[in-house]
Amino acid sequence: MDYRYTKINNIYVCRSTNHIMLLVICALVPGIIVECYYFKIAILIQVLLSVISSIIFEFIFQKLQKEKLYINFFDVSSILTGVLLGLSLPAFSPWWISIIGAFFSIIVTKKLYGGLGNNIFNPAMSGYAILLISFPIIMTNWSFQNNLEILNMFSIRDIMSIIFFTNLEDYYEIISRFCEASMFITQATPLEHIRIHNKNSIISVSPVVFSLDNFLIYRHWILINISFLFGGVFLLIKKIICWRISCSILLCLIIFYSIDFFYLKHVQIFPLIQLFLGSTMIGAFFIATDPVTTSITKIGRIIFGSFIGILIWIIRNFGGYPDAIAFSVLLSNSIVPLIDYYTQPRIYGKNKKWFL
């Protein structure tokens, strides 16, 4: 499967699927390094577990289907799916969370739909969404990571013990102890803090004020988003992803965040800062731009990205989940055939007919 041709010295060079996938993984490296700095080796363990599980499930399915192994293994798609899934998980999740997510991503979302190129939904986000619905306490609890001072006290042995050798009941007990130690700063990312105060503002409770203290507390999330932004810019420069999708998402978000900030005044966090909270940048540049599950037309990609941006804002402000990337991308994937149908370019010699 070839996606793009690049003209170099009058010679057209074909970028294979392998090349594209490897470049995307390379672009994720800055974000992985920054996450490892803040969350230690835990995030690297989650990524490795997801990648190894994805490769094994791909291998098992191909063996069952008696397919030729080299066809799909060299396209690196299962590795990329594992990396994206591992980066989406809370760093201290139990080991079996990564395996269940990889199973749903590779087997259910990709292979049962016919393999790479035939899947309707984003595999990594499908696995993440099913984990979020099935294990909401584990998937929305970032109490370990919200207190970096306590996290710095963790040795590699402690991290390995929590991830690999703690049963579910003991895991919940550890979480509750860290919730108390973290002064009750719990749940997923600063977005949960903002979402709670958004709902409180409806009943006239004081709004969130983004002070310097808040910035210092959440600085690691802002720096992580900046590192993924650098990776996304690299992919745009190499013309691996389409700028229309990422720009549409970020533009919609900043418009609606501006409405929140300047008119509704629910949250006193500057709109530009909100773009760097949660998983906005990895979602805009690495997840929503999956070439298989997005629109194939130029106008369609703008509509697709705008729809994702609007859904992210709606779910973050009025929904039950603080970070809305997975559900927004999956819901938008479901309407891609409709978008493509109504945004087909005019055929030469035919009159332009909109919405027919």
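In what follows, residues are counted from 1 in the order of the sequence shown. No hydrogens, no waters, no symmetry mates; every other heavy atom, side chains included, goes into these values.
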[X] versus [Y]: any side-chain heavy-atom pair under 4.5 Å?
| X | Y | value |
| --- | --- | --- |
| I299 | Y342 | no |
| R301 | S248 | no |
| M281 | L275 | yes |
| L235 | F286 | yes |
| M139 | Y128 | yes |
| L132 | F327 | yes |
| V329 | F121 | no |
| F285 | L250 | yes |

Roughly how far, to the nearest 0.5 Å, is the [atom2] atom of [Y] from the [atom1] atom of [X]?
| X | Y | atom1 | atom2 | answer |
| --- | --- | --- | --- | --- |
| L253 | R316 | CG | CZ | 6.5 Å |
| S54 | I79 | OG | CD1 | 9.0 Å |
| F135 | S93 | CZ | OG | 10.5 Å |
| W95 | S50 | CH2 | OG | 13.0 Å |
| I107 | K110 | CD1 | NZ | 9.5 Å |
| I130 | S105 | CD1 | OG | 10.0 Å |

Cluster overlap [X] with [Y], hydrophobic side-chain contacts below 4.5 Å:
| X | Y | value |
| --- | --- | --- |
| I99 | I133 | yes |
| I325 | I335 | yes |
| Y38 | I33 | no |
| F230 | V24 | yes |
| I310 | I302 | no |

Margin query: Taking CZ in F164 as the centre, count heavy atoms belonging to other residues, nucleotides or ligands within less than 6.0 Å. Is the count above 12?
Written below: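 More than 12 within 6.0 Å, yes.
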
### Y113 atom OH, neighbour heavy-atom count above 12 within 6.0 Å
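Incorrect, the count does not exceed 12.
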
What is the minimum heavy-atom distance between [X] and [Y], and which atoms define it?
| X | Y | answer |
| --- | --- | --- |
| S332 | L311 | OG-CD1, 3.8 Å |
| A288 | F304 | O-CE2, 3.4 Å |
| F262 | P271 | CE1-CG, 4.3 Å |
| C242 | L236 | C-CD2, 4.2 Å |
| C26 | P30 | O-CD, 3.7 Å |
| F104 | S126 | CD2-O, 3.7 Å |

Please enumerate all residues that pass side chain to side chain donor-acceptor pair (under 3.5 Å) together with S328, with sequence neighbours excluded.
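By the side chain to side chain donor-acceptor pair (under 3.5 Å) rule, S328 matches no residue at all.
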
Across all chains, not counting sequence neighbours, the side chain to side chain donor-acceptor pair (under 3.5 Å) partners of D290 are T293

| said: Determine whether Y37 and L223 satisfy the following criterion, side-chain contact (heavy atoms from CB on, under 4.5 Å), listing intermediate values before the conclusion. | reply: CA-CA 11 Å; Y37 174 77; L223 293 176; over 6 Å; no

For a side-chain contact (heavy atoms from CB on, under 4.5 Å) check, start with the C-alpha distance between W313 and I259, then their side-chain angles and the critical distance, and finish with the verdict. CA-CA 11 Å; W313 179 78; I259 293 172; 5.5 Å; no

Between V34 and the options I226, I43, N225, I224, the side chain to side chain contact (heavy atoms under 4.5 Å, CB included) test singles out I224

Identified side chain to side chain contact (heavy atoms under 4.5 Å, CB included) counterpart of T289 within the set N122, I245, I249, T294: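 Single side chain to side chain contact (heavy atoms under 4.5 Å, CB included) partner of T289 among N122, I245, I249, T294: I245.
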
query: How about F228 and W221: are their ring centres within less than 6.0 Å of each other?
result: no

Near-ring test W96/F103, centroid separation under 6.0 angstrom: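 They do not qualify: ring centres at least 6.0 Å apart.
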
Within the side chain of Q46, is there an N or O that forms a donor-acceptor pair under 3.5 Å with the backbone of A91?
yes

Is there a donor-acceptor pair closer than 3.5 Å between any side-chain N or O of S279 and the backbone N or O of I282?
no

Residue pair I120, S334: steps toward the side-chain contact (heavy atoms from CB on, under 4.5 Å) verdict: CA-CA 7 Å; I120 301 172; S334 67; 5.9 Å; no

N119-T109 side chain donor-acceptor pair, cut-off 3.5 Å: no

